[in-house]
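Have a look at the structure that comes next, please.
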Amino acid sequence: MITKILSTGHALPAKVVTNDDLSKIMDTSDEWIRQRTGIVTRHICVEETTSSLSIAAAKDALEKGGIDGREIDLIIVSTVSPDYCYPNTACQIMKAIGAVNARCIEVNIGCAGCIYSMDMADSYIRTGKVKKALIIGAEALSKMMDWTDRRTSVLFGDGAGAFVLGASEDEEHGVLGITANSDGNMCEAITAGGRPLDNPWTHIDPPASHYTYMDGQAVFKFACRKVPESINEILKPLGVSVDEIDKFFLHQANYRILEAVAKFMHQPMEKFPSNMSEVGNISAASIPTLMDQYNEKGLLKPGEKYILCGFGAGLTYATAYVRW
Ligand code: COA
């Protein structure tokens, strides 16, 4: 029994913010953002929320796969920007899609979150506990940004992407390898404040800022080192060479990271799909959104071999080898 990606979906907020829009509210420029990151626009929530985007992406994936919400027996949502501390976002989705008997889990992992969720769902499916799983990466990161901090706020956007995964007897097509790792030594490289202790026995003042802090250069170097390492680690035992891979769906953080990985692995840039110019870094939503956009255009072909690789806060990284 293996795990197959049955369908994909995504949802983006209606409001599009350009680099020029940002240059009107902070000391930045279209030229700097484009050259250093490859980002041109991002979608920002005005009316939408993390749960409304999650529900829209989930419904999109279910509809595209012709799957009824009642068939779903596991929902995992990866988000660092939920609407509530509780209930978890997966429970909100369960209600909206009419699932009746699903385990509902929310994970806080950041940009590797969707592949981490796939890893968890894969274990449930392979052990026979679950037949169909809905995994979603959803973020309203705009509420986590200090919009006076040009170093971080220009990089991120909002959105949600979804996969429906199912048990399959076809051992040739599906998730043929998956791994998830962390380096907790670098946990200070990307942070956002939580709630300080506050009860009748103690009161701790909130931090000066609870917005996102990122050591961009440290994360950049980490990604350029770990992504190729992780891809090689997964392909080697399977006897698959990097040259055999048709597309590398990497987390969309910075176009220069894609270029560095392509160069290191001696692969042409055409093998590295990208949508960051349009959506920016949408964290856990990044890979499923990108894959759904490719799927909509008929660019995912049966038999093709894909790498999906996410990396970010934690620092965490996770890689899947998928035969479509
Ligand atoms: N507009 C204009 N200037 C900016 C700017 C902006 N939006 N942001 C930073 N700068 C300035 C800096 O202040 C700095 O100026 P200084 O030298 O006078 O201090 C200069 O540009 C260079 O900054 P630096 O941080 O060295 O740029 P960089 O080339 O390392 O690019 C990132 C910064 C964040 C784009 C890059 O490091 C990156 O993408 N890192 C990875 C992020 C990532 O993958 N995150 C994943 C999270 S999941």
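What you are looking at is a predicted structure, and each value in this text was computed from that prediction instead of being measured. Counting convention: from 1, in listed order, for ligands and their atoms alike.
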Just to confirm my output: which protein heavy-atom neighbour is closest to atom 14 (C) of ligand 1, and how far is it?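 Protein heavy atom with the smallest distance to atom 14 (C) of ligand 1: Arg151 NH2, 4.1 Å.
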Any salt bridge between Asp20 and Lys24, counting N to O under 4.0 Å?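 Result for this pair is no, no salt bridge flagged.
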Could you tell me, atom by atom, which parts of ligand 1 come under 4.0 Å of a heavy atom of Val219?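 Here the atoms of ligand 1 in question are 43 (C), 44 (O), 45 (N), 46 (C).
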Between Arg103 (side chain) and Leu74 (backbone), is there a donor-acceptor pair under 3.5 Å?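 No; judged by distance alone, with no hydrogens or angles, the pair does not exist.
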Tell me whether the rings of Phe272 and Phe248 are parallel (<30°), tilted (30 to 60°) or perpendicular (>60°).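 Taking Phe248 first and then Phe272, their aromatic rings lie parallel (interplane angle under 30°).
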Pull out every atom of ligand 1 sitting under 4.0 Å from any heavy atom of Thr37, numbered as shown with elements.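 That gives atoms 35 (C) of ligand 1.
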If you have a sec, work out which protein heavy atom is nearest atom 40 (N) of ligand 1 and how many Å separate them, to one decimal?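 The protein heavy atom lying closest is Gly216 O, 2.9 Å.
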Below 4.5 Å, heavy atoms only, C-beta onward: do Glu233 and Thr319 meet side chain to side chain?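 Not in contact.
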Are any side-chain N or O atoms of Ser123 and backbone N or O atoms of Asp119, one a donor and one an acceptor, separated by less than 3.5 Å?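 It does hold such a pair.
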With a 3.5 Å distance limit and no angle check, can you tell me whether Arg70 reaches the backbone of Ala99 through a side-chain donor-acceptor pair?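 No, because the side chain of Arg70 does not come within donor-acceptor range (under 3.5 Å) of the backbone of Ala99.
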Examine ligand 1 and decide if any of its atoms is less than 4.0 Å from a heavy atom belonging to Met26.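 Heavy atoms of Met26 never come under 4.0 Å of ligand 1.
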For ligand 1, the portion of Ile190 having any non-hydrogen atom under 4.0 Å away: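 The part of Ile190 near ligand 1 is the side chain, not the backbone.
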Quick one: does Asn19's side chain have a donor or acceptor within less than 3.5 Å of a partner on Ile33's backbone?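 No, because the side chain of Asn19 does not come within donor-acceptor range (under 3.5 Å) of the backbone of Ile33.
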Could you tell me, atom by atom, which parts of ligand 1 come under 4.0 Å of a heavy atom of Ala253?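 Answer, ordered by atom number: 43 (C), 44 (O), 46 (C).
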Counting heavy atoms only, which part of Trp32 comes closer than 4.0 Å to ligand 1: side chain, backbone, both or neither?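 Side chain only.
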Look only at the side chain of Lys247 and the backbone of Pro273, and say whether a donor-acceptor pair between them is shorter than 3.5 Å.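 Checking the backbone N and O of Pro273 against the side chain of Lys247, no donor-acceptor pair under 3.5 Å is found.
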Please identify which atoms of ligand 1 are closer than 4.0 Å to at least one heavy atom of Phe311.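 Answer for ligand 1: 48 (S).
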Could you tell me if any non-hydrogen atom of Thr152 lies under 4.0 Å from any atom of ligand 1?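 For ligand 1, residue contact (heavy atoms, under 4.0 Å) with Thr152 is absent.
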Any atoms of ligand 1 less than 4.0 Å from a non-hydrogen atom of Val154? List them with their elements.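 Taking each heavy atom of Val154 in turn, ligand 1 has 7 (N) under 4.0 Å.
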Is there a protein heavy atom at a distance of less than 4.0 Å from atom 21 (O) of ligand 1?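 Protein heavy atom within 4.0 Å of atom 21 (O) of ligand 1: present.
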Got a donor-acceptor contact below 3.5 angstrom from the Glu171 side chain to the Met1 backbone?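 It does hold such a pair.
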What's the shortest distance from atom 32 (C) of ligand 1 to any protein heavy atom, and which residue and atom give it?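 Heavy-atom neighbour on the protein nearest atom 32 (C) of ligand 1: Asn254 ND2, 4.5 Å.
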Residue, atom name and distance, where the atom is the protein heavy atom closest to atom 13 (O) of ligand 1: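 Going by distance alone, atom 13 (O) of ligand 1 is nearest to Arg150 NH2, 3.0 Å.
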Below 4.0 Å from any atom of ligand 1, is there a heavy atom belonging to Leu22?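 Heavy atoms of Leu22 never come under 4.0 Å of ligand 1.
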Contact atoms of ligand 1, heavy-atom distance to Arg36 under 4.0 Å: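 Numbered from 1, ligand 1 contributes 22 (C), 27 (O), 28 (P), 29 (O).
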Closer than 4.0 angstrom, basic N to acidic O: yes or no for Lys226 and Glu229?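 Yes, this pair counts.
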Ile257 neighbourhood, listing ligand 1 atoms whose heavy-atom distance to it stays under 4.0 Å: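 Those qualifying, in numeric order: 44 (O).
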Do any N or O atoms from the side chain of Asp246 and from the backbone of Lys305 form a donor-acceptor pair under 3.5 angstrom?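 Yes.
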Under 3.5 Å, N or O to N or O, is His251 touching ligand 1 that way?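 His251 vs ligand 1: no N/O contact under 3.5 Å.
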